[in-house]
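Heads up, the thing below is written out as structure tokens.
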There are 2 protein chains.
Amino acid sequence: MNKTGNNSFYPHVSVDCVLLGYNGDSLQVLLLEKNFVENHAQFNGMKLPGRLIYNNEDPDKAAQSLLKEWAGIHNAYLKQFKVFGDPERTSRPEDVNWLQEAVDLKIGRIVTVAYMALIRITSRKIQPAANLSARWCPVNEVPPLAFDHNVILKEALVEIRKNIRLDPSIIYRLLPPKFTLLELRRLYEVVYDQTMDVRNFHKKVKRSPYLIALDEKEENVAHRAARYYRFDKVSYNRHLGLTTM
Amino acid sequence: MNKTGNNSFYPHVSVDCVLLGYNGDSLQVLLLEKNFVENHAQFNGMKLPGRLIYNNEDPDKAAQSLLKEWAGIHNAYLKQFKVFGDPERTSRPEDVNWLQEAVDLKIGRIVTVAYMALIRITSRKIQPAANLSARWCPVNEVPPLAFDHNVILKEALVEIRKNIRLDPSIIYRLLPPKFTLLELRRLYEVVYDQTMDVRNFHKKVKRSPYLIALDEKEENVAHRAARYYRFDKVSYNRHLGLTTM
DNA sequence: CCAAAAGTGTTGTGCTTACACCCATGG
DNA sequence: CCATGGGTGTAAGCACAACACTTTTGG
């Protein structure tokens, strides 16, 4: 191994973003579809949103701009979680073709910084872009993706669980401002992929000073109406100061 | 912001390693001294071990090789923990000079992947290298470092505490194979920078099935001799399977 | 016998888990 | 009146924090 004077072989740097969304039912990840024709053959495949960073761009900023571009959101929870730098990660033939199509550069290799983000899926449509279409895909039904993106996704899911344990506030980003305890519990069950006891769950969350019961209840439901709650950021931050040390 | 065809402005990628060592007394970090003369002025300063990655090198491998180079060790706990990619991070004038001295390339900017490693400081000497000298420095007495290395160090210390909570086995890498509970407690106290109650500490660690009491005791100490313990990896892994899910 | 560190037990508090029934509402 | 989910309490076990004295050893 040796340094050479030829910069073009030094790695390029990209960001990739595992954008996780919740629609009140299942956890989904945003995938982009890549379609292009090469030598009269059609190539199809999906990938995570991502791109090379610009000359003078902070990777964190690049990830933020991806989030804005694809989800139209600029204040989501967004966290860098790992670098994937294996020199072979972009060398599968389909992936090489895809790269040459997308970027008009001879790319030696790409070191990518992986981010994860959490957003609430609303009715608002995801923006489609130039030659790509975006769609939400349940995390359990993700097809084989380009590059090492299946690995990146898997690691993001492990990471997000750790992060929610350390900082429960981030899970509330997946819920509307007012929510019932059933909705909250469903979300926990989806994220951790396990069922939870109703009574214990209620006791647990009611201990949290930042979960505030409202006077409002559901309306027009064919059963006893559930109370709405909201997450209070101010109380949460106060509470955090007391529990972290 | 725009892509250009000129690759030389794309970021270079480096690895930096926060190598934490314990000598039975305090937590130390390995720093390299950089000395060079420019325009008849002497430049001094310290930095974390690190370098650009080679053309076809996985950053993880690069970090491993740093570890081997500076600590002569190849099986330490070594973990990637964050990327530092602010375009301005290498632009302080002293740092620019240093870079031009060390690397005969015009460096636009460097995105660095930060690693942390834990090792036990033994009597064995740290290898000095070509134009650099290495030395251990207590983490509380670290001088201003090159680039953003003070920030990297600070984040590594936060990160290592999180990691030890999630995986206590890594703390035993800082102790000799046989150790007393006093030694173990001192280490925890140093890492978490707080004193711990002796009795509660004993109760806690004795609950761990992977901490094994030996029949050996200290010898020639001017007080009641303490029992030696050892960490058992096999029991630990068994135990882990039961507690993580 | 003194100095220095080893080693040990109890109590209260709070979190976790397991487990079953009545209540409110709309249709 | 029935189907649907809302909402609640108790007991056992375990982790955690606070707190003080006796034991062993060498000098």
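Just so you know, these numbers use all the heavy atoms, side chains as well, and skip hydrogens, waters and symmetry mates. Per chain, numbering begins at 1; letters A, B, ... match sequence-line order. Not measured: the values here are computed from a predicted model.
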- [ ] Among the candidates D:dG6, D:dT8, D:dC19, find the nucleotide nearest to the side-chain atoms of B:Asn200.
- [x] D:dC19
Task: Among D:dG7, C:dA6, C:dT8, the nucleotide that comes nearest once only the side chain of A:Ala226 is considered - done: D:dG7
Provide, to the nearest angstrom, the distance between the [atom1] atom belonging to [X] and the [atom2] atom belonging to [N].
X	N	atom1	atom2	result
B:Lys204	D:dC16	NZ	P	4 Å
B:His223	C:dA5	NE2	P	6 Å
A:Arg199	C:dC21	CZ	P	10 Å
B:Leu184	C:dG7	CG	P	12 Å
B:Glu189	C:dA5	CD	P	13 Å
A:Gln194	C:dT17	CD	C1'	13 Å
B:Lys203	C:dG7	NZ	P	16 Å
A:Leu182	D:dT8	CG	C1'	16 Å

TODO: Determine which pairs satisfy salt bridge (Lys or Arg N to Asp or Glu O under 4.0 Å) with at least one residue from residues 176-189 of chain A, sequence neighbours left out, and list them in order.
DONE: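 Passing the test, one end in residues 176-189 of chain A: A:Lys178-A:Glu216, A:Arg185-A:Glu189.
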Task: Distance test, side-chain N/O of A:Arg207 to OP1/OP2 of C:dC15, below 4.0 Å - done: yes
Using a cut-off of 4.0 Å on non-hydrogen atoms, how would the nucleic acid contact of [X] be classed: base, sugar-phosphate, or nothing?
X	result
A:Asp197	base
A:Leu181	nothing
B:Lys206	sugar-phosphate

Open item on the list: Looking at A:Glu159, is its backbone amide N or carbonyl O close enough to the side chain of A:Asn163 to form a donor-acceptor pair, meaning the two atoms are under 3.5 Å apart?
Closed with: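 Yes.
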Open item on the list: When you measure from the side chain of B:Glu33 to the backbone of B:Ala134, do you find a donor-acceptor pair of N or O atoms at a distance under 3.5 Å?
Closed with: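 Absent.
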Task: Any side-chain donor near an acceptor of the partner, A:Tyr115 and A:Asp60, under 3.5 Å - done: yes
Task: Modelled atom types, side-chain donor and acceptor of B:Tyr77 and B:Asp167, under 3.5 Å - done: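 Absent: no donor and acceptor within the cut-off.
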